[in-house]
Amino acid sequence: MTYNAARGEYALLSPETIWVINATGAAIVELCDSQRTIADIRAELRSRYEQVADGDVERFVADLVTKHGMEVDHG
Amino acid sequence: MDRPYGLLAELTYACPLQCSYCSNPLQLEDYRDELSTEEWQRVFAQAADLGVLQLHLSGGEPLQRKDIVDLVKSANDLGLYTNLITSGIGLSKRRAQQLRDAGLDHVQLSIQADDQALSDQIAGTVSFERKQAAGKLIKELGWPLTLNVVLHRQNIDRIDRIMEMAVSMKADRVELANTQYAGWAGPNRAELLPSREQLERAEVAVRAAQERLSDRMEIIYVIPDYYSKYPKPCMDGWASRQFTVVPNGEALPCPAAHEVARGLDLPPATVREHSLEWIWEEAPLFQQYRGDAWMPDPCRSCDRKEIDFGGCRCQAFALTGDAARTDPVCHLSPDHGLVEAAVEAANDPTRPRGSLIPRPQVVRLNLGATVTQGAKS
């Protein structure tokens, strides 16, 4: 993931694709460290933001995993 | 106007391969005066300032550039994501390790076929074994591996076997891309365009592979636009998301726009005379088909104009001589008969068998000097 000052936005880069993501998305990606679970990430986000609905983090992560933008470590 | 996300840097048109579907221009001779190391480094720095995130290093064969490691290092230092698009020829163990140390993020390896004889025949050069070795090296050094397979009449029946090979090479991504008829593929179209039956079988094979291998790799299938009802949203619109700089420093809104650029009689937009920022924002070539003001009917009044942007300008130019016409692939185009005739010929059981024109082999001797061998255009 990269923050580009010229563009003023975060982006997740893969071989032929660029996903431009907002600040909340960037926070989720940063928290995906192959250690934390989805629940850990949701708890951490709830300590930072007021509204984090059940399923928000799952949807975001599942979407990126389906698109091969992220991998799940089942260990 | 948005800022560009990607830059395709075609570092050289020198290549040891002679694929007859090569997207490089027919006038290879005109691009011999290559940018120097310093000039490319300046281009990369300007690209990063412009907001470019991804740099695709291609050619020709980018490994023909002796300064490839320095170029990757500069791009990496600028924070650009670097992608090497290679035939694998010239990727020695030492070179690969140097590229890894320089920060190269990803390697895309071209694959012609799963069978040695056919692969070497399509490439016009003995290269199959070296490509296998390159694939192994890429994985050993921990890069993600993308295989790019250009599909055409001679290999499209082999998707199952190509995918078996991709599994054994531990590929992470496979692009199965039907030939686009730019560059050398244009004059070779009659020999490359598959039949409808071939395509139908191919699509079944691709879907089956995607289901079977979904947890292992990403499989991207680029459809053949000659057989579709509507054109592709080429480049997401002219000078919209990304652009190309070719070996002699000319900037193009699309990697196949060499001919369009000449045909328009506009001053070339070259990085030797202008900044990338000026080129992106001001160059007449980049303004020419940006947005939809240039569109003729049927595009102008079409509700799909925001979806496909009128299709491919280069294809319109190649087929009709006028880049401002609707892409003839579209069934609504007044020129669609040109595409229908090509499709009909490809499906004619009595079609005479011709031969493919190989792209000439261009060998790079040293910086700024290339020699061309083999068939002339």
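Sequence lines set the chain letters: A, B, ... in the order given, protein chains first and strands last, and positions in each chain run from 1. All values below come from the heavy atoms of this structure, side chains included, with hydrogens, waters and symmetry mates left out.
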Quiz prompt | Partners passing salt bridge (charged side-chain N to carboxylate O under 4.0 Å, His left out) against B:E39 (at least two apart in sequence or in another chain) | solution =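 Scan of B:E39 (salt bridge (charged side-chain N to carboxylate O under 4.0 Å, His left out), adjacent residues dropped) gives B:R272.
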Quiz prompt | Which residues share a salt bridge (charged side-chain N to carboxylate O under 4.0 Å, His left out) with A:D63, sequence neighbours left out | solution =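 Residues passing salt bridge (charged side-chain N to carboxylate O under 4.0 Å, His left out) with A:D63: A:K67.
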Quiz item: Counting only heavy atoms not in B:R95, do more than 12 fall under 6.0 Å of its CZ?
Solution: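 Atom CZ in B:R95 is crowded, with more than 12 foreign heavy atoms closer than 6.0 Å.
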Quiz prompt | B:E282 CD: over 12 foreign heavy atoms closer than 6.0 Å | solution =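 More than 12 heavy atoms, drawn from other residues, nucleotides or ligands, come within 6.0 Å of this atom.
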Self-check item: Side chain, backbone, both or neither of B:R173 within contact of chain A (heavy atoms, under 4.5 Å)
Solution: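 For B:R173, the side chain is the part near chain A, not the backbone.
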Exercise. Heavy-atom distances under 4.5 Å only: say whether B:V107 touches chain A with side chain, backbone, both or neither.
Key: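 When you check distances to chain A, no heavy atom of B:V107 falls under 4.5 Å.
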Self-check item: Gap separating the CG atom of A:L13 from the OH atom of B:Y5, nearest 0.5 angstrom
Solution: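 Atom-to-atom, A:L13:CG and B:Y5:OH are 11.0 Å apart.
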Self-check item: CG-CG distance between A:N4 and B:L53, expressed to the nearest 0.5 angstrom
Solution: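 With rounding to 0.5 Å, CG (A:N4) is 5.0 Å from CG (B:L53).
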Quiz item: Could you name the residues of residues 18-54 of chain A that have a heavy atom within less than 4.5 Å of a heavy atom in chain B?
Solution: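 Interface residues of residues 18-54 of chain A: A:I18, A:V20.
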Quiz prompt | Among B:D172, B:L145, B:T146, side chain to side chain contact (heavy atoms under 4.5 Å, CB included) partner for A:P15 | solution =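 Of B:D172, B:L145, B:T146, side chain to side chain contact (heavy atoms under 4.5 Å, CB included) with A:P15 is met by B:T146 alone.
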Quiz prompt | Proximal component of A:E71, with respect to chain B [non-hydrogen, under 4.5 Å] | solution =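 Neither; nothing under 4.5 Å.
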Quiz prompt | Segment of A:S14 engaging chain B (4.5 angstrom heavy-atom cut-off) | solution =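 Backbone only.
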Quiz prompt | Main-chain N/O of B:R3 paired with A:R7 side-chain donor or acceptor, under 3.5 Å | solution =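 Looks like yes, one N/O pair under 3.5 Å.
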Quiz item: Can you pull out the residues in residues 75-85 of chain B with any heavy atom less than 4.5 Å from chain A?
Solution: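 So far as heavy atoms go, B:Y81, B:N83 are the residues that approach chain A to under 4.5 Å.
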